[in-house]
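For reference, the structure is listed below as structure tokens.
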Amino acid sequence: MAEWIKVKGEGIFETRPWHIAAEGDTVFEAKERFHEPEIEYTPADYRFTQKDNCIYAFQLGWPKDGTAIIKNFSAGRGQGLKVVNINNIELLGYDGMLKFNLSKDGLIITGLPADRPVEYAHCFKI
């Protein structure tokens with residue numbers, strides 16, 4: 001956990017919720033507050049925070065095809081585009097360049113590395 005926090009901490013500490021907290025189809029029934037059971041997340045599952053002029057999108061499943069799609073940024077959803085002007089996207093813990101395109105399907109991020117920079121939920125700084 002400490003190694004994960006070193007890489008992803010800026011998306012957690014001193015942040016606040018974005019106006020959309022989560023995205024994805026994976027559902028679970030929580031038996032206790034603040035406890036999510038061990039489940040298999042997909043690349044369509046995200047959690048969001050924000051700080052300053054950045055949105056942090058934690059993608060809970062790794063996309064094997066090297067492409068991430070965040071649907072809440074799509075023109076059809078209405079909520080994402082009214083608050084974002086995207087200049088850059090980083091994958092925290094990865095020094096390579098990512099490409100992105102904002103479309104009617106969502107924010108499409110390509111050029112992800114073959115291997116995750118961390119074992120669990122990785123984070124895009126948008």
Side-chain angles (χ1 to χ4, degrees):
M1 183 64 126
E3 289 299 314
W4 186 88
I5 290 289
K6 279 185 198 176
V7 176
K8 309 301 172 208
E10 80 171 88
I12 299 169
F13 298 113
E14 299 178 10
T15 64
R16 64 181 194 266
W18 189 41
H19 70 273
I20 299 168
E23 173 178 322
D25 296 326
T26 303
V27 295
F28 64 92
E29 185 177 321
K31 299 192 186 308
E32 300 173 31
R33 281 182 58 169
F34 305 111
H35 181 274
E36 290 187 13
E38 194 72 31
I39 52 179
E40 187 78 27
Y41 288 107
T42 72
D45 294 311
Y46 291 88
R47 303 295 182 265
F48 302 100
T49 63
Q50 66 180 1
K51 177 172 43 178
D52 300 326
N53 291 325
C54 296
I55 298 168
Y56 295 89
F58 290 86
Q59 188 176 30
L60 304 180
W62 183 252
K64 294 183 182 1
D65 65 357
T67 301
I69 301 172
I70 305 175
K71 294 179 181 179
N72 276 304
F73 286 89
S74 71
R77 297 253 182 179
Q79 294 189 49
L81 288 178
K82 73 178 181 182
V83 296
V84 295
N85 180 14
I86 301 172
N87 297 316
N88 187 47
I89 297 178
E90 300 172 28
L91 175 59
L92 299 181
Y94 174 64
D95 292 329
M97 296 294 293
L98 300 176
K99 295 179 183 176
F100 63 92
N101 180 39
L102 200 54
S103 76
K104 66 177 178 57
D105 296 322
L107 175 60
I108 301 169
I109 306 168
T110 57
L112 275 66
D115 296 318
R116 294 176 174 211
V118 292
E119 185 176 347
Y120 300 103
H122 51 283
C123 182
F124 296 105
K125 179 180 181 180
I126 304 168

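The CG atom of Asp105 sits 8.5 Å away from the NZ atom of Lys71 when rounded to the nearest 0.5 Å. Between atom CD1 of residue Ile89 and atom CD1 of residue Ile70 there is a gap of 6.5 Å, rounded to the nearest 0.5 Å. Taken from CD in Glu14 to CG in Asp52, the straight-line distance is 9.0 Å, to the nearest 0.5 Å. The CG atom of Leu92 sits 6.5 Å away from the CD atom of Glu90 when rounded to the nearest 0.5 Å. Between the CZ atom in Phe100 and the CD1 atom in Ile108 there is a gap of 12.0 Å [rounded to 0.5 Å]. Note that the CD1 atom of Ile55 and the CG atom of Asn72 stand 10.0 Å from one another [nearest 0.5 Å].
Residues Gly111 and Leu98 come closest through the heavy atom pair O-CD2, 3.5 Å. Taking both residues in full, the closest heavy atoms of Tyr56 and Gln50 are given as CD1-CA, 4.4 Å, listed atom of the first, atom of the second, then distance.
Residues Asp25 and Thr42 have side chains not in contact (no heavy-atom distance under 4.5 Å, counting atoms from C-beta outward). Taking 4.5 Å as the limit, some side-chain heavy atom of Phe124 sits within range of a side-chain heavy atom of Leu112.
When the side chains of ILVMFWY residues are joined at heavy-atom separations under 4.5 Å, either directly or via intervening members, Ile69 and Leu102 end up in two distinct hydrophobic clusters.
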Pairs under 3.5 angstrom only: tabulate donor-acceptor contacts from the side chains of residues 58-67 to other protein residues two or more places apart or in another chain.
unit_1	atom_1	unit_2	atom_2	d
Gln59	OE1	His122	NE2	2.7
Gln59	NE2	Pro43	O	2.8
Gln59	NE2	Tyr46	OH	2.9
Asp65	OD1	Thr67	N	3.0

